[in-house]
Amino acid sequence: MIQVTRRETFNAAHRLYNPKWSKEKNFEIFGPCSRVHGHNWELFVSVEGEVEEDTGFVIDLKILRDVMREHIVDKVDHTYLNEDVDFLAGQLPSTENFAIAIWKILHPILKNNHGVELCKIKLTETDNHFLEYYGK
Ligand code: NI
């Protein structure tokens with residue numbers, strides 16, 4: 001098994017704001033992140049599989065790029081995540097919830113359409129803040 005990774009970038013705004021709470025409570029918990037702010041996000045998607053004899057690839061990285069752009073990046077780039085993105089509707093768009101939502105979309109597509117197993121999502125919000133999600 002070999003893992004291969006593709007990186008895509010996008011710009012999107014969000015705020016960490018729980019509508020069940022007052023503005024004051026949101027500021028107490030989330031601080032300045034409770035205000036609308038933007039990030040230059042980086043999304044790394046890693047898949048694993050066997051090397052195909054004819055191509056020498058686990059997956060053609062152009063395919064992985066196109067899947068990431070069509071299903072994620074084109075839907076979130078230059079948006080306000082709290083309101084504009086169908087697959088985040090009703091959720092607090094923390095980096096954690098965002099990564100889990102991305103996994104749920106990409107995992108079946110990569111497996112069923114392209115025969116590879118999604119094994120990691122890395123989502124970078126700032127240079128100092130990122131997470132890695134392995135689907136469990
Ligand atoms: Ni943020």
Side-chain angles (χ1 to χ4, degrees):
M1 286 285 187
I2 297 190
Q3 228 183 67
V4 293
T5 302
R6 168 81 193 176
R7 169 182 172 266
E8 289 289 324
T9 60
F10 55 92
N11 316 112
H14 73 163
R15 73 192 299 201
L16 300 181
Y17 196 93
N18 188 330
K20 289 189 285 197
W21 297 340
S22 66
K23 198 175 166 188
E24 291 70 30
K25 168 113 185 207
N26 272 287
F27 192 80
E28 186 190 319
I29 302 294
F30 297 123
C33 293
S34 65
R35 302 182 192 130
V36 178
H37 62 279
H39 296 289
N40 298 316
W41 300 80
E42 292 177 298
L43 171 63
F44 298 79
V45 170
S46 302
V47 300
E48 69 180 9
E50 301 294 343
V51 177
E52 258 182 66
E53 195 179 326
D54 290 342
T55 60
F57 295 155
V58 170
I59 185 172
D60 185 334
L61 281 174
K62 291 195 296 294
I63 291 173
L64 187 51
R65 176 198 67 194
D66 291 346
V67 167
M68 290 168 71
R69 288 185 182 172
E70 179 185 347
H71 296 281
I72 309 296
V73 174
D74 292 350
K75 293 182 174 164
V76 298
D77 193 26
H78 289 72
T79 65
Y80 175 44
L81 299 176
N82 298 63
E83 293 183 1
D84 299 337
V85 177
D86 288 346
F87 71 77
L88 291 172
Q91 292 195 62
L92 201 159
S94 61
T95 315
E96 289 87 336
N97 284 336
F98 196 9
I100 292 167
I102 291 169
W103 181 284
K104 284 183 183 159
I105 293 168
L106 293 184
H107 185 268
I109 294 168
L110 290 166
K111 192 179 184 91
N112 301 334
N113 302 357
H114 304 290
V116 289
E117 195 68 38
L118 177 60
C119 54
K120 182 166 98 177
I121 299 275
K122 179 178 169 189
L123 190 58
T124 298
E125 186 173 340
T126 72
D127 287 346
N128 300 323
H129 175 192
F130 63 90
L131 62 75
E132 293 172 315
Y133 181 54
Y134 301 89
K136 49 194 172 223

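Quick caveat, the model's predicted, so the values are computed rather than measured. In listed order, ligands and their atoms are each counted from 1.
- Here His37 reaches the Ni ion (ligand 1): one of its N/O/S atoms is less than 2.8 Å from the metal.
- Contact annotation: His39 places an N, O or S atom under 2.8 Å from the Ni ion (ligand 1).
- Geometric assessment of Lys122 against the ring of Phe130 yields a positive cation-pi assignment under the 6.0 Å and 45° thresholds.
- Smallest separation of non-hydrogen atoms from Val58 and Glu52: O-OE2, 4.5 Å.
- If you run side chain to side chain contact (heavy atoms under 4.5 Å, CB included) between Val45 and each of Leu123, Thr5, Leu118, Val4, only Leu118 comes through.
- The shortest heavy-atom contact between Leu16 and Pro93 is CD2-O, 4.0 Å.
- Among heteroatoms of the N, O or S kind in Glu125, OE2 lies nearest the Ni ion (ligand 1).
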